[in-house]
Amino acid sequence: AGAAGRKRGHDAFWIMDPSDQLCLTTHGTLGPCDGDAMWVYVPRKGKDKWSLASVLEPVTRQMCLTRVKASARGGACGGKAAQRWEVVRD
């Protein structure tokens with residue numbers, strides 16, 4: 001089931017790999033499921049545009065999950081590469 005239609009921007013969550021129970025970090029790597037790996041949806045201007053922002057990242061230019069070629073890492077929220085994320089869950 002997709003996360004579409006869920007209340008976004010309020011509940012923090014982890015993005016966990018079910019095979020090893022590690023979570024996505026702001027560095028685009030998998031690591032411990034702690035506060036540093038918690039994300040929240042942030043609404044963007046436009047229909048169906050959402051960024052995934054790190055809950056504890058204090059530097060705004062690094063707080064949103066950003067696509068970089070075939071990988072992901074922390075980056076600025078305003079760029080196109082940081083928008084239109086959708087989390088699909090089991």
Show me, pair by pair, the donor-acceptor contacts under 3.5 angstrom made by side chains of residues 32-39, not counting sequence neighbours?
unit_1	atom_1	unit_2	atom_2	d
Asp34	OD1	Asp36	N	3.1
Trp39	NE1	Leu24	O	3.1
Trp39	NE1	Ala37	O	3.4

Legend entry - Point-to-point distance, once rounded to the nearest 0.5 Å, from CD of Gln62 to CZ of Arg73: 8.5 Å

Legend entry - Any donor-acceptor N/O pair, Thr66 side chain to Cys64 backbone, under 3.5 Å: yes

Inset, instruction - Mind listing the closest non-hydrogen atom pair of Ala72 and Leu65 along with its distance? - result: CB-CD1, 3.8 Å

Legend entry - Test side chain to side chain donor-acceptor pair (under 3.5 Å) applied to Ser19 - qualifying residues, sequence neighbours left out: Asp17

Inset, instruction - Could you state whether Leu56 and Trp14 fall into the same hydrophobic cluster, counting links through intermediate Ile, Leu, Val, Met, Phe, Trp or Tyr residues with side-chain heavy atoms under 4.5 angstrom apart? - result: yes

Inset, instruction - Would you please classify the geometry between the Phe13 ring and the Tyr41 ring as parallel, tilted or perpendicular, with 30° and 60° separating the classes? - result: tilted

Inset, instruction - Answer whether the closest heavy-atom distance between the side chains of Val42 and Leu52 falls below 4.5 Å. - result: no

Inset, instruction - Apply the test side-chain contact (heavy atoms from CB on, under 4.5 Å) to residues Asp11 and Val40: give CA-CA distance (whole Å), side-chain angles for both, the deciding distance (0.1 Å), then the verdict. - result: CA-CA 6 Å; Asp11 297 324; Val40 65; over 6 Å; no

